[in-house]
Structures are given as C-alpha cells and as structure tokens.
Protein chains: 2
Amino acid sequence: MMRPDTDPQIRHLHLFRDMAQANFVNLMTASYDQIFPPGLEMIRQGDPADFLHIVMEGSVELVGQWAGRECTMAVVRPVSTFILAACIRDAPYLMTARTLERTRIVLIPASDLRSMFRRDPEFAVAVINELAACYRSVVRTAKSLKLRNSRERVASYLLRHSIIAGGAPSYMLGVEKRLLASYLGMTPENLSRTLKSLEADGVKIDGARVIITDRTRLTALVKPDALIDGLDAAADSIGPGLPVPQV
Amino acid sequence: MMRPDTDPQIRHLHLFRDMAQANFVNLMTASYDQIFPPGLEMIRQGDPADFLHIVMEGSVELVGQWAGRECTMAVVRPVSTFILAACIRDAPYLMTARTLERTRIVLIPASDLRSMFRRDPEFAVAVINELAACYRSVVRTAKSLKLRNSRERVASYLLRHSIIAGGAPSYMLGVEKRLLASYLGMTPENLSRTLKSLEADGVKIDGARVIITDRTRLTALVKPDALIDGLDAAADSIGPGLPVPQV
DNA sequence: CAGATCAATTGATAATTATCAAATGCCAAA
DNA sequence: TTTGGCATTTGATAATTATCAATTGATCTG
C-alpha cells in the first residue's frame, strides 16, 4: 500500500517526528497510499472522519459549503496533513476536500490514530502541539475577517506572502485569483478591482506575479500584526492557509 | 491559595475529569485563586501566556484588537477554561481578556500544565479532545462569517440559542446587544435594524427577551446546518462562543 | 427623585461589497 | 496553430453594511 519513499517525508512532519519508530511503522502499515485525479471531491463535508489525510504530491482545496454557496478555507500542499481534528473527535468533517490537480494522498485510519496517541506519549504531545497551532491559526483568520475590510485583507495577504517568500521584491501567487478571493472572503470582481487600486499603495500585480514596488508604503497601509499575520512564530504557521509563494 | 470549594467544580471539567487524582491535586496546589473587579483587562493580547485561566464566577470577554478596532471573539462563563492553546504553545495570547463583571478566576501556571500532559496520559488525551473541539468551533465561526451575511448570522444565532435553551418559545439574550453585534461581526446599529426586520420572519425582540413567534418560518430562513451551528454535537460545543441563554 | 451615564434606537448618508452582464485574455486540447 | 473553455477584467448597478448625528430609554448614583 505504501511506497518505499513515502515514509521518510511523513516521518519528518512535526506530528510524527518524535514518536517511537515501531509505532510509526505500525501507523504506516495500516495506511493507504492513493492517487486522485484533478477536481475530485475526495471528502464531502458531513461525512464521518475515517482517515487522517496526508498530501504527498499535488494540492487539495478545503472548502466550506452552505446553502449552495461555498468558500475556500485552505489549500493544502505537500507534505502536510489535514482534518486531524475531525479524526480525533470521531466527528463529521466540517469541510469538503477537493483535489486541485493530480494528487497523491496517504490515508491513516482515524481509529489507529486515536489508539496511537493513547499508547505513545510523544505522539500525544505532538498532536497537542499541532492542534494548538491549528487552533491559533484559525483564530487569526477569524480576527482578520472581523477586524479588517477586504482591501486590508488583500494588502496584508500580499505583504505577508512576500515576507514568507524571503522578502523578495516579487513572487508568484501560488493559487488562482478566484480561489484567493474566496479564501479572503470576497468576490473575484472585488479582488480584481482591489488589486488594481493597491498599485497606488506599493504593490503591482502582473498576471500571477506580485511585485512590491514600495514596501514602506505597503507596510504602512497593512499595519502588520504578529497576532494576526503571525510573522514572528514560524511554528504557528502550521495549519490551514494558502500555499507558500515561490519567487 | 485555592478555596476548598473550588476543586470539585474544576475536577468535573472534561479537561481534568480523567487525570490521576494526585496529578490534579498537584496542579491545583500550584494554582492561584484571584478575584478581579468588573471591566478589568486581565490579559492583554500579545502578552506571554503564563497561566491557563478558569472562570469560576462572573464572566470574561475575549476580544481581538487591531489598528484601534476591536471585536468580541467570545464570552466565557463559569465553569470553563480559556487560552489553553496559547499556554500549550508557550506563545503570546491572541486575544485580550476583560472581565464583564466581578469575576473569580483560577490560574494554573502554564509550565505546570505543559509538564503535566507529558506525565499524565489521560490528561494528554483530554487536552487533545479539548483542543480539537475548540478548533472545530472556530472553524464553524469562520465558515459562518464567510458564508452568511449579517442578517443570516443574526437569525441563526437567535434560532440556535433558542434550541440551546431547550426549544423554549422565549429566552433572554445573555449579553448586551453591542457585544452580540461585535461577536457577530457587525455594528450595533446594523444589529438593531436587523432584529427589527426579523420580526417579519418569526422572531420578536423585546428588550433583552427573544420570542420565537414562528419557528417554522425562522427555521426556513436560517437553514440550520450541523456543520456550522453544531446542533447535533453537544460535545463540540466546548470552546469559544457566547453564553447559553436562560429561559 | 433628579441628574448623569451609557446602551439602544432611529434617521440620513456614505462606503463597501456583491451582482449581473459583457469583453478580454490566457491556456490547453485538438 | 487554431479553437474552445475558463479565468479575469471591466462596467453598470444594486444590495449590504458602516458611519455620523440625534434621540430615546434604561440604569445607577448621589
């Protein structure tokens, strides 16, 4: 079921780094390795949480749905896990998961997971740390949604990702703009107009490329806040979000 | 430091229910019991997380702040804990905590907490469950903010709390309206007008009293969703929110 | 009880954001 | 290389939400 090259990448995740080797092997042995085509809904929100998912290749969009509407909550890129909390609580998934491209996923049965953190204290601590980080990440998101308007969210997103990209003066958006719009809680039209208007404040957008033309000005506009944008705590950046940009 | 009557109430919390008695006593012995006057900022966002807080009496508002604005993220009522995640990650608080009235708080040093879940496996499991529930709770909040407009959020709040209040035809709002408005991500003026407009859809508001006049109609408007409003999973209702209404 | 204080409401207006429709541009499949 | 299908952009307009100002109402205090 598992490819021989899969183990080490998973083993390096914070979640699995510290557990006993025998226990890790135990989890891996029980798990499945699957490949999904693009655009496939691999999880529907409301389904029982049977498996912890680990993205090995490709990318997965997590979306919330209600009353025929939907919004992007996160995009998960390799190598990372998703829907840990649902597995732990043995509760229905709160989000739908859909592949954005051809994607390879490792699936760990939720029951094995739950019995494992009762057996392996190091794993339990890792789960605690992961969940706490994820929780804080969503709290930041909620703060951003409630305290900032859409223009401020766009500007802070662009600046933050420029910093994540190593402070480079330009970088590529890692996702389609309509997806980014949904992630930021706005319409594609609104995002498009907002991006144009931000040219007056120090960022230029050329297709999928973001060019910081006046970092000082943009920073003054954004008023970055460690308690929302989390620039200080790299460890906290685990959890839902949008992929790290490439220069 | 601790009052003799404090222990049992804390012991009954999910978080502490299953741990070894000796370990619980150990935590309690290291903790402080303090009373704060109304309107006191007991925690400022950004402060290092030194203590897990447990509200024993009174109530505490958790607010997010940015650029001179602020929004209510939750109101915590007895007996429950708050800012667990910050303590675990040994990271700055993401929210400011302010007493709404005279409030008694038990403070457990974060360092004791962190060493305890490494020693007591049952406690570790309880922390895992608590954090997973809190995480899911905030994800629901984020979904609500992004998928619903303010009128829909108000309506769903009113219906949900009527159900929490045991399906009673009328109940009291547990909080001031300006606070509710902030919690729902809108202005007090907007909330006031929205409440009035909802009289046409099955809820009437008389001061702080909510009267469901046409549950069918209101339910049809709200389109309650277990994956946002969490009516099915009582266990999930741990975590940030607004207090349970009284009939 | 009067006065002060603050929450809540109401009205008028402005800003923000969404919707609808059409045009443009980009990319991949044929 | 061309063509079809989308994503994106742009324009026009409507809906939603916020802001400002003034009033009303409730509560607390001296």
Side-chain angles (χ1 to χ4, degrees), chain A residues 37-39 61 66-72 75 98 100-102 144-158 172-201 203-210 221, chain B residues 37-39 61 66-72 75 98 100-102 144-158 172-201 203-210 221:
Chain A
E61 181 187 11
W66 179 76
R69 304 171 205 169
E70 67 174 55
C71 68
T72 302
V75 171
R98 177 191 299 147
L100 288 174
E101 51 196 313
R102 184 172 177 278
S144 182
L145 285 170
K146 288 174 76 166
L147 290 167
R148 289 171 169 166
N149 63 26
S150 66
R151 190 168 198 269
E152 292 164 336
R153 291 199 299 277
V154 173
S156 60
Y157 179 90
L158 294 178
M172 303 302 287
L173 289 174
V175 292
E176 289 185 344
K177 285 178 187 161
R178 67 190 179 86
L179 194 152
L180 176 59
S182 178
Y183 175 71
L184 293 172
M186 60 200 294
T187 59
E189 295 95 326
N190 191 7
L191 174 63
S192 179
R193 283 184 255 262
T194 300
L195 287 177
K196 178 163 287 187
S197 91
L198 283 173
E199 290 189 8
D201 286 286
V203 244
K204 199 177 165 322
I205 276 75
D206 180 29
R209 176 164 292 278
V210 180
L221 173 74
Chain B
E61 180 188 11
W66 180 76
R69 305 171 203 169
E70 67 173 56
C71 68
T72 302
V75 171
R98 178 190 301 146
L100 287 173
E101 52 196 313
R102 185 173 178 277
S144 182
L145 286 170
K146 289 174 75 168
L147 290 167
R148 289 170 169 166
N149 63 28
S150 67
R151 189 169 200 267
E152 291 164 337
R153 292 199 298 276
V154 172
S156 61
Y157 180 90
L158 295 178
M172 302 302 286
L173 288 175
V175 292
E176 289 184 342
K177 284 178 189 161
R178 67 191 177 87
L179 195 150
L180 175 59
S182 178
Y183 176 72
L184 293 173
M186 58 201 295
T187 60
E189 295 96 326
N190 190 8
L191 174 62
S192 180
R193 283 183 255 261
T194 301
L195 287 176
K196 178 162 289 188
S197 91
L198 282 173
E199 290 189 10
D201 286 286
V203 245
K204 201 178 164 321
I205 276 74
D206 180 29
R209 178 164 290 278
V210 180
L221 173 73

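Sequence lines set the chain letters: A, B, ... in the order given, protein chains first and strands last, and positions in each chain run from 1.
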Could I get the full list of side chain to side chain donor-acceptor pair (under 3.5 Å) partners for Arg69(A), not counting sequence neighbours?
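Side chain to side chain donor-acceptor pair (under 3.5 Å) list for Arg69(A), sorted by chain: Glu152(B).
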
Value rounded to 0.5 Å, distance of [atom1] in [X] from [atom2] in [Y]:
X         : Y         : atom1 : atom2 : result
Ser144(B) : Trp66(A)  : OG    : CH2   : 8.0 Å
Leu195(B) : Leu173(B) : CG    : CG    : 7.5 Å
Leu221(A) : Arg151(A) : CG    : CZ    : 5.5 Å
Leu158(B) : Lys204(B) : CG    : NZ    : 13.0 Å
Asn190(A) : Leu184(A) : CG    : CG    : 10.0 Å

At the 4.0 Å heavy-atom cut-off to chain A, mark where contacts on DNA chain D begin and end, going 5' to 3'.
dA7(D) to dA12(D)

Dot-bracket for DNA chain D, 5' to 3', counting Watson-Crick or G-U wobble pairs under 3.5 Å, with [ ] for crossing pairs and | for inter-strand pairs?
||||||||||||||||||||||||||||||

To the nearest Å, give me how far apart CG (Asp206(A)) and P (dG25(C)) are.
13 Å

Non-neighbouring partners of Arg193(A) that pass salt bridge (Lys or Arg N to Asp or Glu O under 4.0 Å), sequence neighbours left out
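With sequence neighbours excluded, Arg193(A) shows a salt bridge (Lys or Arg N to Asp or Glu O under 4.0 Å) to no residue whatsoever.
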
Does [X] reach the main-chain N or O of [Y] with its side chain, forming a donor-acceptor pair under 3.5 Å?
X         : Y         : value
Lys177(B) : Gly207(B) : yes
Arg148(A) : Arg153(A) : no
Thr72(B)  : Ser182(B) : no
Lys146(A) : Tyr183(B) : yes
Ser197(A) : Thr194(A) : yes

Using heavy atoms and a sub-4.0 Å distance, could you list which residues of residues 186-193 of chain B are near DNA chain C? By number, please.
Glu189(B), Ser192(B), Arg193(B)

With 3.5 Å as the limit, what N/O pairs link the protein to nucleotides 27-30 of chain C?
none

